[in-house]
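A short write-up of the structure that comes next.
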Amino acid sequence: MSAAGAIAVTATDAEPRVPAQAPRRPAARLRPTDVFADRLLAVLSGQRPVHFMLGLTAGRAYDELAWLAESGPLRTIRGSRPVIRDIGYESPRPGAIEAFARIGAGDRLRAMAFRLELGRDRRWRCTAVELGGPRSPHPDDD
């Protein structure tokens, strides 16, 4: 190439160009019901071990969850992985949420109910969990 056809390269041309970016929006905050429904489903479907909920449960909830998970009630059925289809909740008092989730896997639909309570440390913890079907036995329920 002749000197006339040469392209002049300046310092600014040699620097990599970064495309303009749209301003970032703040991440949407998930409700505690959404977070706990996802976590409970992960345990009850066998995707995560029960100890995934350690520190996020209080009272009998961990034992109830372990009892439910033992039978794997929401494990993958005929290739259909369970998913949360809907979540609803009610707040009977400040610092308490009673929630339900509709869980679908293929053509099956199950219901899960759980209770969340806000601790003194301002963290939510699951204090009860149930699926349709038999309830876990409690030694003090005579």
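Bear in mind the structure is a predicted one, so any value in this text is a computation, not a measurement.
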Completion exercise
Rounded to the nearest 0.5 angstrom, the CG-CG distance for Leu131 and Leu44 is 5.5 Å
Exercise for the section: Before accepting this row, confirm whether a basic side-chain N of the pair Asp63/Arg60 lies closer than 4.0 Å to the acidic partner's carboxylate O. Expected result: no
Handout entry: Smallest separation among heavy atoms of Ala101 and Ala37, with atom names
Key = CB-CB, 4.4 Å
Exercise for the section: Would you give the length of the straight line joining atom CG of Leu40 to atom CD of Glu130, rounded to the nearest 0.5 angstrom? Expected result: 12.0 Å
Problem - Closest heavy-atom pair and its distance - Phe36, Cys126 - result: CE2-N, 3.7 Å
Please tabulate, for side-chain N and O atoms in residues 45-58, each donor-acceptor pair with protein atoms closer than 3.5 Å (sequence neighbours left out).
residue	atom	partner	partner atom	Å
Ser45	OG	Leu41	O	2.7
Ser45	OG	Ala42	O	3.4
Ser45	OG	Gln47	NE2	2.8
Gln47	OE1	Arg81	NH2	2.6

Problem - Same apolar cluster (I L V M F W Y, side chains within < 4.5 Å links), Leu118/Leu116 - result: yes
Practice task
First locate atom CZ of Phe114, then atom CD1 of Ile87, and finally report the distance between them rounded to the nearest 0.5 Å.
Solution key: 6.0 Å
Handout entry: Considering all heavy atoms, the nearest Ser80-Gly106 contact
Key = CB-N, 3.3 Å
Fill in the blank from the handout: Hits for side-chain contact (heavy atoms from CB on, under 4.5 Å) against Asp86, two or more places apart or cross-chain, chain-then-number order -> Phe100, Arg102
Completion exercise
For Glu64 and Val129 the tightest heavy-atom approach is OE1-N, 3.1 Å
Handout entry: Pairs meeting criterion side chain to side chain donor-acceptor pair (under 3.5 Å) with involvement of residues 90-101, two or more places apart
Key = Glu98-Arg115
Completion exercise
Heavy atoms of Trp124 and Pro32 approach each other most closely as NE1-CG, 3.5 Å
Problem - Separation of Asp34 CG from Ile84 CD1 (nearest 0.5 Å) - result: 8.0 Å
